Protein chains: 2
Amino acid sequence: MAKQIPDIVIGRLPVYLRALQQMKQEGRQVTSSQELGERLGISAAQIRKDLSQFGEFGKQGTGYNIEYLANQVREILKVNRSWDVIIVGAGDIGRALAGYNGFSERGFKIRGIFDNNASLVGSKQGEFTISDSKTMKEVIQTSGIKIAMIAVPAGHAQQVADQLVEAGIRAILSYAPVNLNVPAGVRVQNIDPSIHLQRMTYYLE
Amino acid sequence: MAKQIPDIVIGRLPVYLRALQQMKQEGRQVTSSQELGERLGISAAQIRKDLSQFGEFGKQGTGYNIEYLANQVREILKVNRSWDVIIVGAGDIGRALAGYNGFSERGFKIRGIFDNNASLVGSKQGEFTISDSKTMKEVIQTSGIKIAMIAVPAGHAQQVADQLVEAGIRAILSYAPVNLNVPAGVRVQNIDPSIHLQRMTYYLE
DNA sequence: CGTTTATTGTGCAACTAAACACAATAGGGG
DNA sequence: CCCCTATTGTGTTTAGTTGCACAATAAACG
Ligand SMILES: NC(=O)c1ccc[n+]([C@@H]2O[C@H](COP(=O)([O-])OP(=O)(O)OC[C@H]3O[C@@H](n4cnc5c(N)ncnc54)[C@H](O)[C@@H]3O)[C@@H](O)[C@H]2O)c1
Ligand SMILES: NC(=O)c1ccc[n+]([C@@H]2O[C@H](COP(=O)([O-])OP(=O)(O)OC[C@H]3O[C@@H](n4cnc5c(N)ncnc54)[C@H](O)[C@@H]3O)[C@@H](O)[C@H]2O)c1
C-alpha cells in the first residue's frame with residue numbers, strides 16, 4: 001500500500017493550485033518552489049517536500065512548468081474533473097453561492113439549490129430555480145451527488161446534515177456556526193467568519 | 001516573559017468557545033473535557049492541555065463551569081469586548097455579511113460597508129448605508145478600527161488590502177480567492193469555498 | 001468521616017511536521 | 001564541450017504537537 005499522505009499536506013495543495021492558476025493567468029510559464037513560497041508565505045523546502053510525496057514534477061535548475069504542475073495537482077486532488085454540488089438553504093448565503101461563478105474553473109458545478117420554505121420554492125435565483133428540499137434525496141441519489149454546501153440556520157444544520165448523509169452525500173461544506181456530527185467516511189469543512197475573526201483578535205492590542 | 005502560545009492552540013480556542021456558548025444556550029451549567037471533546041471530535045487530553053496554557057479553569061471530579069470557562073476563553077481571545085469591523089465590497093457577499101446578525105454575540109460590531117461603485121453608494125443595505133470607499137481611510141482612523149472584511153473581486157483585493165493596512169487595519173478576513181501580501185504585524189485569514197471543497201475531493205472515490 | 005467516583009492538570013514519551021543542507025543535474029553561456 | 005548557476009528531491013536533524021498515564025483532589029454518599 002502506498003504511503004499515507006498527511007491531511008495537512010492535502011490541505012495545502014489547493015492553495016498551491018490556486019496560486020498556480022493565478023500565475024498561469026498572468027501569462028507565466030515556469031516557477032520555482034522559492035517563488036511560490038514567497039507568494040504564499042511558506043518555505044520553499046516545504047513546498048518541494050509536499051509535492052515530492054506524489055512524484056517528481058520539477059527540473060533541477062529550471063523549476064516547475066506551471067501548467068503541467070497545476071494539472072498534476074488537479075489530478076492528485078481529483079479536481080481534474082467536475083464535481084456536482086448542491087446547496088441547501090436559499091437565504092443570503094445560499095443565494096450568493098448559487099450566483100458565484102468561481103466554482104466552475106475550480107472543479108465544481110452547482111446542480112441545484114434547495115429550501116424548505118414553500119414561498120421560496122419555484123422562484124428563480126440566477127440560472128437556478130429553488131427546489132423543495134423534500135426532493136433533495138431523490139436528486140442526490142439519481143445524480144449520484146457526493147458534495148453539498150449547507151447554508152441553513154444553525155439550529156437546522158445537524159438535521160440537514162443527517163438527511164444529506166443518509167441520501168449519500170460524502171463531503172459537506174457548512175456555513176452554519178455549529179459543529180456537525182457525521183459518521184466516519186463523511187468529510188466536513190466549516191466556514192464561520194466569527195471563528196476566523198476570533199483567531200486574529202488574540203494578536204491585536 | 002510568558003511562554004509563547006502556539007498558533008494552533010489559539011486557533012482551537014474559538015471552536016471551544018462556540019461549543020461552550022451553545023451548551024450554555026442549551027441550559028447546561030457544567031461540562032468536562034471529555035464531553036467537549038466528543039462534541040468537537042478532539043481528544044479530551046488536548047482540550048485540557050490547551051486550556052492549561054492559560055490557567056486552571058476546572059475542578060477535579062467536576063469539570064468546568066460553562067459560563068465561567070466561556071468568559072475566561074473570551075478574555076484570552078480578547079473578545080470579552082466588542083470589536084468594530086468594516087466591510088469592503090457591497091456585492092452579494094458583502095451584503096450578506098452586513099445583514100448577518102451572528103457577529104454581535106461573538107464580539108464584533110459592523111461599523112460600515114464600503115464600495116467604490118457610485119451607483120451603490122448611498123443605498124440602504126439593511127440597517128447600513130453603503131459608503132464611498134474613498135471615505136474608508138478617514139472612518140478607520142477616526143474610529144480606530146483594526147479589523148476589516150474584504151469582499152471585493154479577486155483582482156481588486158490586494159489593492160484594497162494595501163489601502164486598509166495603510167489606514168491602520170491590523171486584521172483582515174478576506175473572501176477574495178487570492179493570497180494577500182501584507183506587512184508583518186498584520187494578520188490575514190482567508191475564506192474560499194473552492195479551497196475547502198478541494199480539501200475534501202481527495203478523499204472521495 | 002472514610003470511601004468511592006469522576007475528572008483535572010501535567011510530566012514524559014511517542015509521534016508528526018518543518019527546516020536544513022547538499023548531492024544531483026538541467027540548461028545557458030562562453 | 002565544459003563550466004557555472006539555479007534549483008530540484010531527499011536523508012537527516014530539529015522543532016512542535018499530541019497522546020498517555022497517573023497523582024491530586026473535589027464532591028457525593030453512606
Ligand atoms: N449571512 C451571512 O453573512 C452569514 C455569515 C456567517 C454565517 N452564516 C450562517 O449561514 C447560514 C445561512 O445564513 P443566511 O444569512 O443565508 O440565513 P437565512 O436565514 O437568510 O437563510 C436560511 C435559509 O435556509 C432555509 N431553511 C431553513 N431550514 C431549512 C431546512 N431544514 N431545509 C432547507 N432549508 C432550510 C430558510 O428557509 C432560509 O431560506 C446560517 O447558519 C448563518 O448562521 C451566514
Ligand atoms: N458570492 C459568493 O458566494 C462568493 C463565494 C466565494 C468567494 N467570493 C468572493 O468574494 C468576493 C466578493 O464576491 P461577490 O459575489 O460579493 O462579488 P460582487 O461582484 O457581487 O461584489 C463585489 C463588490 O465589490 C465592489 N468593489 C470592486 N472593487 C472595489 C474596490 N476597489 N473598493 C471597494 N469596492 C469595490 C464592487 O462594486 C461590487 O459591489 C469576490 O472576490 C469573490 O470571488 C464570493
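Owing to the predicted nature of the structure, the values given are computational and were not obtained by experimental measurement. A, B, ... follow the sequence lines: proteins, then strands. Residue 1 opens every chain.
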- Query: Would you call Glu105(B) and Lys24(B) a salt bridge, using N to O less than 4.0 angstrom?
  - Reply: no
- Message: Whole angstroms only, please: what is the CD-C1' distance between Gln46(B) and dA14(C)?
- Response: 15 Å
- Message: Can you tell me if Ser43(B) touches the phosphate of dG19(D), counting only side-chain N or O atoms and a distance under 4.0 Å to OP1 or OP2?
- Response: yes
- Task: Measure the distance from CZ on Phe54(B) to P on dG9(C) and round it to the nearest whole Å.
- Result: 13 Å
- Item | Salt bridge present between Asp50(A) and Arg12(A) (N-O < 4.0 angstrom) | yes
- For atom CD of Glu56(B) and atom C1' of dT7(C), their distance in whole Å: 13 Å
- Task: Would you mind reading off the distance between Ile5(B) atom CD1 and dA15(D) atom P, rounded to a whole angstrom?
- Result: 19 Å
- Task: Please tell me which of the listed nucleotides, dT7(C), dA24(C), dG9(C), lies nearest to the side chain of Gln60(B)?
- Result: dT7(C)
- Note on the structure: Of dT10(C), dT7(D), dA18(C), the nucleotide closest to the side chain of Arg48(B) is dT10(C)
- Item | Candidate nucleotides dT8(D), dT18(D), dT8(C), ranked by approach to the side chain of Tyr64(A) - the nearest | dT8(D)
- In whole angstroms, how far is the P atom of dT10(C) from the CG atom of Asp50(B)? 13 Å
- Query: Gln34(B) has an atom CD; how far is it from atom C1' of dT8(C), in whole Å?
  - Reply: 12 Å
- Query: Hey, is Asp92(B) close enough to Arg95(A) for a salt bridge, meaning N to O under 4.0 Å?
  - Reply: no
- Message: Students often get this wrong, so: under 4.0 angstrom with heavy atoms, is Leu51(A) touching a base, only sugar-phosphate, or nothing?
- Response: nothing
- Task: Kindly point out which of dT8(D), dA26(C), dG19(D) is positioned nearest to the side chain of Ser32(A)?
- Result: dT8(D)
- Is a donor-acceptor pair below 3.5 Å formed from side chain Lys49(A) to base dG11(D), judging by atom type as modelled? yes
- Between dT7(D) atom P and Leu69(A) atom CG, what is the distance in whole Å? 15 Å
- Task: Take atom CG of Asn65(A) and atom P of dT8(D), then tell me their distance rounded to the nearest Å.
- Result: 13 Å
- Among the nucleotides dC20(D), dA17(C), dT7(D), whichever has the atom closest to the side chain of Ala45(B) is dC20(D)
- Query: Mapping Ser33(B) and Lys59(A) onto DNA chain C by nearest heavy atom, which one lands closer to the 5' end?
  - Reply: Ser33(B)
- Cation over ring face, Lys78(A) and Tyr202(B), 6.0 Å, 45°: yes
- Under 4.0 Å between a side-chain N/O of Thr62(B) and OP1 or OP2 of dT7(C), yes or no? no
- Message: So that I can tick it off, tell me whether Asp7(B) and Arg187(B) are bridged by a salt bridge, with the cut-off set at under 4.0 angstrom between side-chain N and carboxylate O.
- Response: yes
